[in-house]
There are 2 protein chains.
Amino acid sequence: MTNGNFKKPSTRNQKKQAILDAAEKIFAEYGFKGATTQMIADFAGIPKANLHYYFPTKEALYSQVVQNIFDIWLEAADSFDQNMDPAIALASYINKKMEISRAHPNGSKVWANEVMHGAPIIQDYLETTLKEWTTSREAVIQSWIDEGRMDKIDPKHLLYMIWATTQHYADFVHQVQTLNDGQPFDDGAWQAATRDVKKIILAGVGLQTGGDDGDH
Amino acid sequence: MTNGNFKKPSTRNQKKQAILDAAEKIFAEYGFKGATTQMIADFAGIPKANLHYYFPTKEALYSQVVQNIFDIWLEAADSFDQNMDPAIALASYINKKMEISRAHPNGSKVWANEVMHGAPIIQDYLETTLKEWTTSREAVIQSWIDEGRMDKIDPKHLLYMIWATTQHYADFVHQVQTLNDGQPFDDGAWQAATRDVKKIILAGVGLQTGGDDGDH
DNA sequence: GTCTATAGAATGATAGAC
DNA sequence: GTCTATCATTCTATAGAC
């Protein structure tokens, strides 16, 4: 009896993760209201009542999914530093953002949905964590401009262009695929997209792309 | 009695338009499932049953909203022609897309929502009208590249970048506003955004922006 | 054409047995 | 911890009076 809590130490977290994975996919495809806890439970392979045992409400589950996505964004957020070469820093950031769009398209969609609907759940994150990160990166870009290392533009619009363009390949993957004769991007298509995005943005701010594109 | 159908000749269309305007706003804010016909009817100032008199089902109303948005997109679609100067043509297209993002943010959001969820309603439009338009514009851009008038990139990625970036200011307006200290963009901010977007993209493909930016 | 009242279906959440 | 049965609510759509 007393050792019952020593068995299957990670079962609880494994099950929660399975539910979160299912929820990310279902929320991305159907939206918060369009997704039902029944769909998520079915996709996770558990009864609906069991889902409610791990996540008491639909909103608590959704909130966790959105926060997980936000953490993934932030992992790519430390790509550039004031002391780095701007071309390498921006290229590395674009590389990481494109990789995330390919690896986590559903997370990107849930985030986009949340923001488009006025960010009812993650407004605090926008105002604190994202605001602080954005402000600090704008300062880095501005310092590069002040030092004459890149063209003069408002840093915020450069950041928005990078976010919008890289996330387009996740959020609008259905449209991109339809225009690609119904075929999903293969390795070569992803590499070509990443190359062209980096080329246009770097050349756009006066940074010529050489052989070193900040790959990691 | 017999002249009853001569009175208020446009009342029906005016009422349908009021419902469509309300529907665009509510669908943009809450998504297809999140929006209720009751909310739309309230916002349009009519009883719910009256809404169902003009639009028999929620889906029929939504479909009309999406098609209206698509028509707006296409109005900006004839901005560039093979015989035009590429810098002027692309600048004009970006100008128009930015104006639409400012004038019709809700339409852009409904479109984004629809595509993100797999385009269940407008898949036919993607495969026919959008595919044909995109193919023809890719050919125009490719001809400019072949003539050495701009840098070599895959035209589709240039188009996606223009779409993604211009629509970001509509779809993510809540995030943009939060990062703008909670203030919506004023005239100057919109002009600055449009200027920087054009600057980066045109310079990015080797087209220097002069005084003539294709404004209309 | 308009509107009240309601039917009919779907869904989030829980009680309670195991 | 797990799962069946079910409650309570919400929403689309319509019947039928005016």
Lys48(A) NZ to dA10(C) P, in whole Å, measures 13 Å
Residues at least two apart in sequence or cross-chain that pass side-chain hydrogen bond (donor to acceptor under 3.5 Å, both in side chains) with Asp181(B), listed by chain then number, are Lys131(A)
Within residues 57-64 of chain A, the residues having a heavy atom closer than 4.0 Å to DNA chain D are none
Span of DNA chain D engaged by chain B, first through last nucleotide within the 4.0 Å heavy-atom cut-off, is dC11(D) to dT14(D)
Hits for ring-ring contact (aromatic ring centres under 6.0 Å, His included) against Phe70(B), two or more places apart or cross-chain, chain-then-number order -> Trp111(B), Tyr125(B)
The side-chain hydrogen bond (donor to acceptor under 3.5 Å, both in side chains) partners of His157(B) (sequence neighbours excluded) come to Tyr169(A)
Output for pair (Ile141(B) CD1, Leu90(B) CG), nearest 0.5 Å, gives 6.0 Å
Contact check, residues 30-45 of chain A vs DNA chain D, heavy-atom distance under 4.0 Å, returns none
For Asp21(A), the side-chain hydrogen bond (donor to acceptor under 3.5 Å, both in side chains) test, sequence neighbours excluded, returns Gln17(A)
Here the distance between atom P of dT11(C) and atom NE2 of His52(A), to the nearest Å, is 13 Å
Phe185(A) meets the ring-ring contact (aromatic ring centres under 6.0 Å, His included) criterion, sequence neighbours left out, with Trp190(A)
Side chains of residues 24-42 of chain A: which donor-acceptor pairs under 3.5 Å do they make with residues two or more places apart or in other chains?
from	atom 1	to	atom 2	distance (Å)
Thr36(A)	OG1	Met39(A)	N	3.0
Gln38(A)	NE2	Asp42(A)	OD1	3.0

For a quick test of your reading: what N or O donor-acceptor pairs under 3.5 Å do the side chains of residues 47-56 of chain B make, sequence neighbours left out?
from	atom 1	to	atom 2	distance (Å)
His52(B)	ND1	Lys48(B)	O	3.4

Discussion item. Need one value for Phe55(A): base, sugar-phosphate or nothing, where a base atom within 4.0 Å counts as base even if backbone is also close, heavy atoms only.
Written reply: nothing
For residues 154-168 of chain A, the salt bridge (Lys or Arg N to Asp or Glu O under 4.0 Å) pairs (sequence neighbours left out) are Asp154(A)-Lys156(A)
For Asp196(B), the side-chain hydrogen bond (donor to acceptor under 3.5 Å, both in side chains) test, sequence neighbours excluded, returns none
